[in-house]
Trainee: 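Quick one: this structure, given as structure tokens, is what I'll be asking you about.
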Amino acid sequence: MDKRFYSLFNLGEDQAIALLDTPQDQISEDDSRYIAASQLVNFSTERSIHALIRAVQQTDPAMENRIVRRKSVETLGRLQAVQALPVIYTCLSDEDCYTVENAVWAIGEIGTQDPTILEAVAQLLDKPGQTYRVIIHTLAKLGYQPALDRIRRFTTSTDLPTASAAITTICRFTRDYSQMGQVVGMLQHSNVLARRLSIQDLIDAQYYDAIPEIARCPVSLVFRLRGIRMLAEAGIAAGTIVFATLQPYLEQTLRDHPNDLGMVHSYDQPPALPFLVRELYETDFGRCYLATKTILDHYAEAAPAMLFATYAEEANNDYGAHFHVIKLFGWLKHAPAYDLLIEALHNRQPQFQKSRAAAAIALGELGDRRAIPALQACLDTKIWDLKYAALMVLEQFGDLSSYEKVTPDDDWSVREKAATKLNVKR
Amino acid sequence: MKSVVTTVIASADAAGRFPSTSDLESVQGSIQRATARLEAAEKLSANLDQVATEAYNACIKKYPYLNNAGEANSTDTFKSKCARDIKHYMRLIQYCLVVGGTGPLDEWGIAGQREVYRALGLPTAPYVEALSFARNRGCAPRDMSAQALTEYNALLDYAINSLS
């Protein structure tokens, strides 16, 4: 689990507990019980857990309190607080569907085989207005087979992520994976959430065959990398797959060229460059990749000036567009962007983290060997995708000296990458 | 896209009946509030960047961590803030005001998004805080009429409620 954002609030355990225990009407304008409930995820202590349980027991239906209850339930789940199960169980009958959703999810995180709790979760499938996908996930995770037929009804749900979860769970329960093609098919759906969330189902089903399709799915590479890595970790541990099988897909995804993606959108007529640059700000990355591809195919000459302009104006603050602009400068092999790419490579702000590996790849495309020391320095960070991308680019530059720098405590994929290369060298 | 009209027709369809009087009354109620909603949408549209930036500033102020060396709010180059996500939610709210229903937020901002936030360990608190700031900041008649503000605030509440 990425914990980059966990310490966002700079709030100690004592302070957070005191805040959480303060009645809502006595909270000052600058304080937030909601933040306190989030922050306690950093403190897996009896005191924190009991404070969170007390917060869940505060049932004032006002929105300010309701959101605190939900967050407290979620945090108890993250802390895997078994002692909180009885109070979380009571939330299953709450009128607020998001409280129910969080309670179901928390039960899945904590884990239980108590048939009363599991049946109560399963019965929510018959209750209108619930988040069925999360319910199905929890039942699958806890292996509650008696819910099989009730889950089967959702395989044809018009809500695609719910159908995806149901199909996957039926396959897992019956060990008949013949229908998983439907879930793989969602990787190319026009609905961005269907694409993103089907990756989670493929991970849950340990459906290794989908790795090549995940690599081609037009969503942010964060989702693709997460999917490929989680499948790889499970598959390698089980002895089902080896690193060499997935390495090309992992590297294709880190490289992230739009030509390696299956596009799900299209233009009815060739758009003008300003429109395409605007598309780089979209939250559906499928649209951003299509715009990138179109810029490369039709506006390679004119694009750099406009990319610099949009970077100065807005993209420097927008972590989505920032990423795509960095990538484009690389694919365009635009040498004057060198300084900007070096700056992006060193950018330590958490929301721009994925732009760092992107900058490494882009610097490789520029082919400017001045970047070698900066790329070598990336190997001292803790960010696996940045290290991996740096190794890929250093290899491109013919510099294998840094492979020796990879240490045993590095990320497994980085170690594997280095080992593969060093073996070849020998 | 869901709107009050499509929702009413779909639920009547599903029950195999024509829309009832009370269905039509709910459509009518929504249409009567359309002027206020469109006023709110228009005012929000004129100030969307400002509202989003102000809300983002408020949450930066609340999270001192972001001001630490190397973090989101510390360098000159990146001094102006990343208001991308807040802007996204504001745009969805604006769209909801226009269609007269919560469809845009439901489909693009909430369904599945809660799972993504949980799975990636992304914090929802900054969004909740920023949107709450926007919720408390709106003022009638300075920013818009009282009725328009009611419509706008209802959607902010809806977003805050469903993100948390």
Side-chain angles (χ1 to χ4, degrees), chain A residues 1-10 29-32 34-35 37-39 41 63-64 66-68 70-71 74 77-78 96-98 101-102 105 131 133-134 137 159 161 191-194 196-197 200 222-223 226 281 283-284 314 316-322 343 347-352, chain B residues 10 49 53 56 58-59 61-75 77-85 87-89 91-92 106-126 128-129 132-133 135-136 156-158 160-164:
Chain A
M1 166 60 72
D2 182 348
K3 296 189 174 175
R4 221 178 335 155
F5 297 102
Y6 271 25
S7 59
L8 199 57
F9 313 121
N10 213 15
E29 200 181 302
D30 292 332
D31 284 323
S32 160
Y34 183 76
I35 291 174
S38 317
Q39 179 65 0
V41 77
M63 188 174 77
E64 291 80 4
R66 207 163 56 218
I67 66 177
V68 174
R70 281 186 211 147
K71 188 50 94 177
E74 182 188 322
R78 289 197 191 281
D96 175 54
C97 67
Y98 298 124
E101 178 187 326
N102 284 11
W105 177 83
T131 317
R133 178 172 161 88
V134 175
H137 276 169
D159 178 59
N191 178 325
V192 64
L193 281 167
R196 287 179 186 166
L197 299 183
Q200 181 64 53
V222 170
F223 295 102
R226 178 173 178 270
Y281 291 83
T283 48
D284 175 351
E314 218 177 325
N316 66 63
N317 281 320
D318 183 299
Y319 58 78
H322 186 273
E343 187 184 333
N347 191 337
R348 288 180 50 217
Q349 300 165 78
Q351 70 270 41
F352 293 103
Chain B
D49 282 354
T53 308
Y56 190 80
C59 88
K61 203 174 141 206
K62 218 161 190 175
Y63 303 125
Y65 164 82
L66 293 175
N67 292 302
N68 291 348
E71 302 302 346
N73 194 32
S74 63
T75 63
T77 324
F78 294 93
K79 205 69 190 174
S80 53
K81 327 298 186 293
C82 168
R84 174 184 167 94
D85 296 346
K87 249 194 228 174
H88 174 59
Y89 282 109
R91 283 205 196 100
L92 291 179
D106 290 336
E107 287 170 38
W108 294 324
I110 295 161
Q113 203 59 36
R114 291 166 59 79
E115 177 179 335
V116 169
Y117 289 146
R118 268 198 306 263
L120 301 184
L122 296 176
T124 50
V128 169
E129 291 301 322
S132 300
F133 176 85
R135 167 79 170 78
N136 298 331
L156 277 169
D157 277 346
Y158 187 81
I160 295 165
N161 186 33
S162 50
L163 269 176
S164 51

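In the text below, chain A, chain B and the rest are named by the order of the sequence lines, each starting its count at 1. Predicted, not measured: the structure shown is a model, and the values here were computed from it. Hydrogens, waters and symmetry mates are skipped; everything else that's a heavy atom, side chains included, is used.
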Trainee: Under 4.5 Å from any heavy atom of chain B, what part of A/A321 do you find: side chain, backbone, both or neither?
Mentor: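 Contact with chain B is through the backbone of A/A321 alone.
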Trainee: Within the structure provided, determine whether B/R114 and A/N102 are in side-chain contact (heavy-atom separation under 4.5 Å).
Mentor: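 Side-chain contact under 4.5 Å: yes.
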Trainee: Is any side-chain heavy atom of A/T283 less than 4.5 Å from a side-chain heavy atom of B/Q113?
Mentor: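 Counting from C-beta outward, A/T283 and B/Q113 never come under 4.5 Å.
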Trainee: Give, as side chain, backbone, both or neither, the part of A/V222 having an atom under 4.5 angstrom from any heavy atom of chain B.
Mentor: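 A/V222 touches chain B through side-chain heavy atoms alone.
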Trainee: So do the side chains of B/N161 and A/R70 get within less than 4.5 Å of each other, counting heavy atoms only?
Mentor: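 Yes, close enough: below the 4.5 Å cut-off.
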Trainee: What heavy-atom pair brings B/D85 and A/Y319 nearest, and what distance separates the two atoms?
Mentor: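 Taking B/D85 first and A/Y319 second, the nearest heavy atoms are OD1-OH, 2.6 Å.
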Trainee: Between A/V192 and chain B, which part of the residue has a heavy atom less than 4.5 Å away: side chain, backbone, both or neither?
Mentor: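 Interface part for A/V192: neither.
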Trainee: Counting only heavy atoms closer than 4.5 Å, note whether A/Y98 contacts chain B via side chain, backbone, both or neither.
Mentor: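 Both parts, heavy atoms under 4.5 Å.
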Trainee: Pick from A/E74, A/K71, A/E101: which one has the most heavy-atom pairs with chain B under 4.5 Å?
Mentor: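 The option with the most such pairs is A/E101.
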Trainee: Please look at B/S162 and chain A and tell me whether the side chain, the backbone, both or neither of the residue comes under 4.5 angstrom of a heavy atom of that chain.
Mentor: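 Backbone plus side chain of B/S162, per the 4.5 Å heavy-atom cut-off to chain A.
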Trainee: Per the side-chain hydrogen bond (donor to acceptor under 3.5 Å, both in side chains) rule, which among A/R196, A/Q200, A/R133 passes with B/E115?
Mentor: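 Among A/R196, A/Q200, A/R133, the one that satisfies the side-chain hydrogen bond (donor to acceptor under 3.5 Å, both in side chains) with B/E115 is A/R133.
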Trainee: Below 4.5 Å from any heavy atom of chain B, which atoms of A/E314 appear? Answer side chain, backbone, both or neither.
Mentor: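 Interface part for A/E314: side chain.
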Trainee: Give me the atom names and distance for the closest heavy-atom approach of B/Y117 to A/R78.
Mentor: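 Taking every non-hydrogen atom into account, O-NH2, 4.5 Å.
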Trainee: At a 4.5 Å cut-off on heavy atoms, which part of B/N136 comes close to chain A: side chain, backbone, both, or neither?
Mentor: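 For B/N136, there is no contact with chain A at all, as no heavy atom is under 4.5 Å.
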